[in-house]
Amino acid sequence: MGESQSSTSGFGRRRFLGYVLAAPTLVTAAPLVSEAEAAVPSPDVTELVDLNDVMTAAALPTSHLITVEVGGDGTVSFALPRAEVGQGITTSTAMLIAEELDVPVDRVRVTLADARPELVFNQLTGASNTTISTYTPIRVAAAVARRRLLDAAAVELGAAVGDLTLKAGVVTDRAGGRVGIGELAGKAASRSPRRMSVELKERERFTVIGRPHNRVDALAAVTGRKKFTLDLDVPDALPTMVCRPPTLNGKVGSVANLQEVRAMPGVTDAAVISTGVAVRARTFGQCIDAVRALRVSWKPGSAEGKSDETVLKELRAAELPLGLPPVTPSVEASFTFHFRSNSALEPNCAIADVRPGRAEIWSALKAPIVAKQAIAARLGLPPSAVTVHVTEGGGSFGRKLFFDAALEAAEISKEFGKPVKLMWHRADDSRQGRTHPMATSRVRVAYAGDTVLGYKQRHTSVSTDLGHGLGELFTAMAAKLPVGDIGFSQTFFHLSQSMPYDFGVHSRLLSETDKGFNTGSMRNVYSPDVTCARELIVDRLAAKMGKDPFTFRREFLRDDRTRAVLEKAAEVGKWGRPMPAHTAQGIAMHSEYHATSAVLVEIDCRPETVNRPIRDGVTGPRVTKAVIAVDVGLAVNPRGLEAQMMGCLMDGIALTLTSSLHLRDGYFLEASWDNYFYTRQWNTPPELEIVVMPTTTGRPGGAGELGVAASTAAVACAYGRATGTMPTTFPINHGTLSFVPKPTVPPIPQSPTDGLDHVR
């Protein structure tokens, strides 16, 4: 709900009800919103409410539980019920508070809230929803604090509230009297809850929101002082690792030398757990030695004997029909998207201290309430006996929606009766971690003359695991969703896909198969694959109609906002300029969550580029230039938005050209980042321009995932134009294995001993 919308209590466009809570210092909150008031709107059946709307509506009923506190030292504190994993939401949140409270951003302290079950769906990070759902509640709480501080200052200074000015954390009157908000914090507090109305700032008066701001944690990050999970000093929490099976989700049969391993230098504990054999030692190096020394007999896993080829056959057998061929001309194609890793830069990790009758967990978690409930159930404890601390994470891309490390750490700590600091090895993450599921996408478009008559897309995927909180959200909101009882994945699919083009009667359906893989809601989930297939077909359709790809898109786009973004990308990127042979431009669109994006890229597919030598890698084409135009409504922090779009572009290049997992005999061949080719320096564009469009809505739209699908599709379209052949398998270099696979037994490869051999 943005400032341009009326409040649910019947006040004006910018007037809201808020609360002052009973506390020794000033603590304020946004209003209570009833479940009826938070209901999902009922759009036309053809214009489904999107996933972001659902998450925002689900969060509203508990928004009053999120509070802003003013301290006696003049700082403002806020415990953000979301996960900061590098996307910059602690910075944008601090900016929202600073704007309404008229304090410097560096006086706002944003921390991450522990798991709070009473927040229900208001502590779930995903689908680019954080800023959208917290934008108004945070501002209201800050505005209530501002009003209370002014009231207290009026008494202190003996002046009328209308004669006071609050700026940079200091209240002044017309006579020159001054008092800091720290001095007022106790006097502005309330002994009992108090309801009051406030008016939010008009957008024209913003001095913080909408202006570029450096990250509040930038200095700590670049100086190494920022604390991630493994940096925490929890007493007696020693390094712990797990010996994992050689195939996906295999189980321990027997261990031949457990006692010998327990006697190894530094090892304090070793035991069989549900996912393998856990070892605890004085150092991680000693853990690695112990894991490599274990001799385990393994039972089969959930993907035993499967390979890329067998999974592709399963997918094709599960494909939904496109129906009879149309009587008019049509364009049709089938696309294959291989497994891709969902590993973050930070290894999967958690700290756990489980003792009789209680448990304490530390981990970067996007769904901490679900994690708390699952851990309590696994340990046989009431949820009230489990404390889950949310730490900052080094990347996520959906990976940290899953709490497997936290659950595993809790199990190990209970088994050993000691605190543990669990870290997954890179090989664990690649081979046993979460993956973006393998999928096929079939598209058919019927046309006649210059008219597109209909669009059909049938997306078939290895099952996506939604057991991280979103599934529960869909269940709770089922009666309000205009999609019927179609299951979690199908609901997610429909609520996250949009059709920006006027393509007549259009339909998109999802079919899923095979639950034997550890899949996840990787950044942008279904959209990179679905949009890439659609945009490639749009290019082919434009060629069939004898039209330029940009011109075709502009003619068929359904709204002016999206058209403006496309035109800006084409203008800045100089669409249509002459290009050398085997190089080309590509352009693509993607809209989601009240935001829209267009990406133009230039690609170099010349032989001297494609075949240039890279150590242990398939070089392939290089994207040499990229322009990203985005309209996210109101960008709270344009600098943070630009950083998000850079990351989206790197994801898109990787998904199209280089990044995939190779499945063979029930396991993935990749065992670390040196095998898995995410976008490297040698295929990063030297020219990049990001254009943030002026606000068209006055309120924030989704930004975290927005640029991934458009970037993926633009690179694919450019590749097709440069080579003269539309790509249908992704990434395009998947068929070439450029490295010697590391063994699966032992599961952790030997660490390099001579760094000089590994820096080229």
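For the single chain, residues carry numbers from 1 onward in sequence order.
R523 contributes a side-chain N or O that, together with a main-chain N or O of G704, makes up a donor-acceptor pair within less than 3.5 Å. Checking side-chain atoms of T62 against main-chain N and O of L119 turns up a donor-acceptor pair under 3.5 Å. No donor-acceptor distance shorter than 3.5 angstrom exists from the side chain of R434 to the backbone of M522, with no hydrogens or angles considered. No donor-acceptor distance shorter than 3.5 angstrom exists from the side chain of R399 to the backbone of A344, with no hydrogens or angles considered. At least one donor-acceptor pair closer than 3.5 Å links the side chain of K372 to the backbone N or O of P383. Without hydrogens or angle criteria, N129 side chain to G126 main chain gives no donor-acceptor distance under 3.5 Å.
Between T229 and S363, the shortest heavy-atom contact is OG1-CA, 3.8 Å. Summarising the geometry of S190 relative to V20, their closest heavy-atom pair is CB-CG1, 3.7 Å, with the distance given to 0.1 Å. Nearest heavy-atom pair, A703 versus L641, reported as atom, atom and distance to 0.1 Å: CB-CD1, 3.6 Å. Residues L365 and F402 approach most closely at CD2-O, 4.4 Å, considering heavy atoms. Listed here is the closest heavy atom pair of Q123 and A113: NE2-O, 3.3 Å. Nearest approach of T25 to A185, heavy atoms of both residues: OG1-CB, 3.3 Å.
Contact annotation: the side chain of V179 approaches that of L184 to within less than 4.5 Å [non-hydrogen atoms, C-beta and beyond]. Counting only heavy atoms from C-beta outward, the side chains of H389 and I361 never approach each other to under 4.5 Å. Counting only heavy atoms from C-beta outward, the side chains of I138 and F78 approach each other to under 4.5 Å. Between E408 and W424, some side-chain heavy-atom pair lies under the 4.5 Å cut-off. T391 places none of its side-chain heavy atoms less than 4.5 Å from the side chain of L112. Between S521 and L466, the closest side-chain pair of non-hydrogen atoms falls below 4.5 Å. In this structure the side chain of L407 reaches within 4.5 angstrom of the side chain of R378, judged on heavy atoms.
No donor-acceptor contact under 3.5 angstrom links the side chains of T91 and R639, judged on distance only. Checking R82 against N122 by side-chain atom types alone, a donor-acceptor pair falls below 3.5 Å. At a cut-off of 3.5 Å, with distance as the only test, no side-chain donor of S711 or D651 sits close to an acceptor on the other residue. Inspection of the T696 and R561 side chains reveals an N or O donor paired with an N or O acceptor under 3.5 Å. Side-chain polar atoms of R225 and T223 form a donor-acceptor pair below 3.5 angstrom.
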Test side chain to side chain contact (heavy atoms under 4.5 Å, CB included) applied to V630 and M693, step by step | CA-CA 6 Å; V630 292; M693 303 289 282; 6.0 Å; no

Take S591 and T596 through the side-chain hydrogen bond (donor to acceptor under 3.5 Å, both in side chains) test and state the conclusion after the steps.
-> CA-CA 4 Å; S591 299; T596 186; 2.8 Å; yes

Take L149 and L101 through the side chain to side chain contact (heavy atoms under 4.5 Å, CB included) test and state the conclusion after the steps.
-> CA-CA 9 Å; L149 290 167; L101 201 44; 4.0 Å; yes

Please report the C-alpha distance between V390 and D114 in whole Å, then the side-chain angles of each, then the deciding distance to 0.1 Å, and finally whether the side chain to side chain contact (heavy atoms under 4.5 Å, CB included) criterion is met.
-> CA-CA 5 Å; V390 180; D114 290 348; 5.7 Å; no

Stepwise, does the side chain to side chain contact (heavy atoms under 4.5 Å, CB included) test hold for T684 with M650?
-> CA-CA 7 Å; T684 299; M650 298 307 120; 4.0 Å; yes

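D353 and R355 are joined by a salt bridge, as a carboxylate oxygen and a charged side-chain nitrogen come within less than 4.0 angstrom of each other. Ion pairing of E100 with K201 is absent here, as no side-chain N (NZ or NE/NH1/NH2) approaches a carboxylate O to less than 4.0 Å. A salt bridge is defined here as a Lys NZ or Arg NE, NH1 or NH2 lying under 4.0 Å from an Asp or Glu carboxylate O, and E392 with K226 meets this definition. Look at D236 and K418 and you find no salt bridge, because none of the NZ, NE, NH1 or NH2 atoms lies under 4.0 Å from a carboxylate O.
For T28, there are no side-chain hydrogen bond (donor to acceptor under 3.5 Å, both in side chains) partners, not counting sequence neighbours.
Atom OG1 of T67 sits about 6.5 Å away from atom CG of L21, to the nearest 0.5 Å. The distance from atom CH2 of W362 to atom CG of L422, rounded to the nearest 0.5 Å, is 14.0 Å.
For the pairing with S92, the side-chain contact (heavy atoms from CB on, under 4.5 Å) check across V216, T131, I209 returns one residue only, T131. Screening T93, T130, T90 for a side chain to side chain donor-acceptor pair (under 3.5 Å) involving E84 leaves a single residue, T90.
The neighbour count for R358 CZ, taken as heavy atoms of other residues, nucleotides or ligands under 6.0 Å away, is above 12. Within a 6.0 Å sphere centred on CZ of R215, heavy atoms belonging to other residues, nucleotides or ligands number more than 12.
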Which side-chain N or O atoms in residues 159-168 pair as donor and acceptor under 3.5 Å with protein atoms at least two apart or in another chain?
residue: D163; atom: OD1; partner: R174; partner atom: NE; Å: 3.3
residue: D163; atom: OD1; partner: R174; partner atom: NH1; Å: 3.3
residue: D163; atom: OD1; partner: R174; partner atom: NH2; Å: 3.3

